[in-house]
**Student:** 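I am attaching a structure below and will ask some questions about it afterwards.
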Amino acid sequence: MVTKFFHLIAKHQLLAQATILLCAIVFPLAVSQSSYVMNIAVMALTYAILTLSLNLVTGFLGTTNLGQAAFFGVGAYTAAILATKLDVPFLLTLPLAAIVAGLVGMLLGFITLRVSGRYLSIVTLGFCEIARLVELNWYALTRGPLGIMNIPAPKVFGFAFETLTGKYYIVLILTVLVTVAVIRMIHSRTGRAISAIKSDQLAADVMGINVKRTKILVFVVASGIAGLAGGFYAHYISFIDPTSFNYNKSIQIMSMAILGGMGSIPGSIIGAVILTVLPELLRDFVLLRQVIYGVVIIVMVLFRPAGLLGGVNFKHILQRLSFRERTAAEGVGNE
C-alpha cells in the first residue's frame, strides 16, 4: 500500500506539489483565523526551514551537526539588533541575518575540516554552547539574560504584517523559496558532488571534486538558511533571549530531521510539522507525553529506521515507472 502511494505521488509530482501548496494557502481560511492554530502553523513552517537547513548538512552531506540552533540564534540576534538599534527595515534584516549566519557557518566549516565522526559532533555541540554564552554575556549588544524586546513586526513596502495570518504567509513564502533553493542545489552539479562526498570522501577527492570547498559551501548555505529562519523568528515573536537557542533546540531540530528522514526534502517538512503539532496534541497528557514519545521512537527504529521518507527518492521511482511502462509497451508491440 505504501509503495503504491509513493508510486502515485512520483507519477503526479507537480499535481501533488500544487495541491499541498494550495492547501497551505487556504489554511488560514479553514481554521477561521484561530490564533492558537495559526501560531502552531507559523512555528511549524519556521521549524521546516530549520530542518531543511540541517538536513542539507547532515542528511545530504553526511556530516553530524549538533549546533544548528547557534545559527538560528545568530540570525535572530542580527535581525533584532539591526531592527531595534539601527531601524533597519525587515526586507534588509532578513538577508543580513542570513549573510551573518552564513559567515559564522563558514568559520565553523573551516574548523570542522580537521575533524570527523564523533569529534565533529562534539565540536558543533561546543560551538552551540559558545554562541549561547556570547549571547548571554555580551550585555552591551544582546542585553544578556534580559533579551531584546520590542522587535518590530515584519513590514514590507510600508505595510505592516502584524496579524498572525500575515506572518503566516510571509513564512510560507520563505519556506517555498528555501525548499526550491535546496531542491535546485541538490539536483545541480554541486549536489552530485555532495552525494559523492557522502558516499566516499576519498573517492570524491580522487575524482577531482574539491571536497573542502564543497563542505564549506554546504555549511555556509545551511547556516544562512538557519539565520534566515532566525531573522523571521525574531520579528515574529518580538522578543528573544539566549534560552531560545540552546542545545535542546538543536536536538529538537535534529529529531525533526530524523523523524522525517535524513536526505529527504519533503521528509524535513513532514518531520517539522509532526513534532510541532504533536506536543500540542499531548498537552493534556503531561504525565504520558514522554512515554508516548518513547513509543514513537521505538516504533520508528523498529519499522522505519531511515525515517518516514528516508531513502525515498521520487525521481528514481519515476524512472522505474517509466522503464516498466516502456517494457510493457515493447512487449505488446512484439506480440
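All values derive from a computational prediction rather than experimental measurement.
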**Student:** Nearest 0.5 angstrom please: Q252 CD to L54 CG, how far?
**Tutor:** 12.0 Å

**Student:** Quick check: closest heavy atoms across A69 and C128, and the distance to 0.1 Å?
**Tutor:**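 Looks like CB-SG, 4.2 Å.
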
**Student:** To the nearest 0.5 Å, what is the distance between OG1 on T142 and CD1 on I240?
**Tutor:** 8.5 Å

**Student:** Looking only at non-hydrogen atoms, find the nearest pair between F161 and A153 and report the distance.
**Tutor:** O-CB, 3.9 Å

**Student:** Will you find, in the side chains of Y236 and N39, an N or O donor that is under 3.5 Å from an N or O acceptor?
**Tutor:**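 Their side chains do contain a donor-acceptor pair, which is all the 3.5 Å distance test asks for.
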
**Student:** Provide the closest heavy-atom pair for N65 versus G67 in the form atom of the first, atom of the second, distance.
**Tutor:** OD1-N, 2.9 Å

**Student:** Could you grab the distance from atom CG of L172 to atom OG1 of T165, nearest 0.5 Å is fine?
**Tutor:**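 The CG atom of L172 sits 12.0 Å away from the OG1 atom of T165.
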
**Student:** Please evaluate residues I216 and V220 with respect to the criterion side-chain contact (heavy atoms from CB on, under 4.5 Å), reporting the C-alpha separation (whole Å), side-chain torsions for both, the decisive distance (0.1 Å), and the verdict.
**Tutor:** CA-CA 6 Å; I216 292 174; V220 170; 4.2 Å; yes

**Student:** Donor-acceptor check, side chain of K198 to backbone of G59, threshold 3.5 angstrom: yes or no?
**Tutor:** yes

**Student:** I'd like to check I209 versus I197 (side-chain heavy atoms, cut-off strictly below 4.5 Å). Are they in contact?
**Tutor:** yes

**Student:** Less than 4.5 Å apart, side chain to side chain, heavy atoms only: is that true for S53 and Q68?
**Tutor:** yes

**Student:** Would you tell me whether S268 and N55 have side-chain atoms, one donor and one acceptor, within less than 3.5 Å of each other?
**Tutor:** yes

**Student:** Examine distances only and state if a side-chain atom of H235 and a backbone atom of I151 form a donor-acceptor pair shorter than 3.5 Å.
**Tutor:**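 No: the side chain of H235 does not pair with the backbone of I151.
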
**Student:** Using only atom types and a distance under 3.5 Å, with no angle test, would you say the side chain of S195 pairs donor to acceptor with the backbone of G191?
**Tutor:**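 Not a single qualifying donor-acceptor pair exists.
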
**Student:** What distance do I183 atom CD1 and L52 atom CG have between them, rounded to the nearest 0.5 Å?
**Tutor:**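 Answer for the CD1-CG pair, I183 versus L52, is 8.5 Å.
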
**Student:** How many angstroms lie between CD1 in I40 and CG in L164, if you round to the nearest 0.5 Å?
**Tutor:**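 One finds 11.0 Å between CD1 of I40 and CG of L164.
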
**Student:** Would a hydrophobic clustering, with Ile, Leu, Val, Met, Phe, Trp and Tyr connected at side-chain separations under 4.5 Å, put L21 with Y169?
**Tutor:** yes

**Student:** If only atom types and distance count, is the side chain of T58 paired as donor or acceptor with the main-chain N or O of T63 below 3.5 Å?
**Tutor:**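 Side chain of T58 to backbone of T63: a pair is present.
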
**Student:** Identify whether L136 and V134 are in the same connected component of the hydrophobic contact network (ILVMFWY, side-chain heavy atoms under 4.5 Å).
**Tutor:**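 No.
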
**Student:** Considering residues at least two apart in sequence or located in another chain, which fulfil the ring pair (Phe, Tyr, Trp, His ring centres under 6.0 Å) criterion with F219?
**Tutor:** none

**Student:** Give the cluster check for L177 versus M185: same hydrophobic cluster or not, with ILVMFWY residues linked at side-chain heavy-atom distances below 4.5 Å.
**Tutor:** no

**Student:** In Å and rounded to the nearest 0.5 Å, what is the CG to CE distance from L217 to M106?
**Tutor:**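 Rounded to the nearest 0.5 Å, the CG-CE separation comes to 9.0 Å.
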
**Student:** Indicate the atoms forming the closest heavy-atom contact of P145 with D241, along with that distance.
**Tutor:** O-CB, 4.3 Å

**Student:** Is there a side-chain contact between M207 and D205 in this structure, where contact means two heavy atoms from C-beta onward sitting under 4.5 Å apart?
**Tutor:**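 A side-chain contact is absent here, since even the closest heavy-atom pair is not under 4.5 Å.
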
**Student:** With heavy-atom distances below 4.5 Å as the criterion, would you say the side chains of K167 and M38 are in contact?
**Tutor:**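 K167 vs M38: side chains apart.
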
**Student:** Is any NZ, NE, NH1 or NH2 atom of the basic residue among E135 and R132 found under 4.0 Å from an Asp or Glu carboxylate oxygen of the other?
**Tutor:**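 No, this pair does not count.
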
**Student:** Would you name the heavy atoms of G231 and A97 that are closest together and state the gap between them?
**Tutor:**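 So the two residues come closest at CA-CB, 4.2 Å.
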
**Student:** Please answer: with hydrophobic residues joined when any side-chain heavy atoms are less than 4.5 Å apart, are I81 and M149 in the same cluster?
**Tutor:** no

**Student:** Where do L66 and M254 come nearest, in terms of heavy atoms and distance?
**Tutor:** CD2-CE, 3.8 Å

**Student:** Does the N137 side chain pair with the main chain of L133, one donor and one acceptor, at a distance under 3.5 Å?
**Tutor:** yes

**Student:** Among Y77, F127, F245, whose ring-ring contact (aromatic ring centres under 6.0 Å, His included) with F71 holds?
**Tutor:**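 The residue from Y77, F127, F245 that satisfies ring-ring contact (aromatic ring centres under 6.0 Å, His included) with F71 turns out to be F127.
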
**Student:** Please answer: with hydrophobic residues joined when any side-chain heavy atoms are less than 4.5 Å apart, are L86 and L96 in the same cluster?
**Tutor:** yes

**Student:** My understanding is that only one of F232, Y47, Y233 makes a ring-ring contact (aromatic ring centres under 6.0 Å, His included) with F72; could you say which?
**Tutor:** Y233

**Student:** Using the side chain to side chain contact (heavy atoms under 4.5 Å, CB included) definition, which of the options L45, L94, I225 pairs with L174?
**Tutor:** L94

**Student:** Is there a donor-acceptor pair under 3.5 Å between the side chain of S264 and the backbone N or O of G261?
**Tutor:**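 A pair under 3.5 Å: no.
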
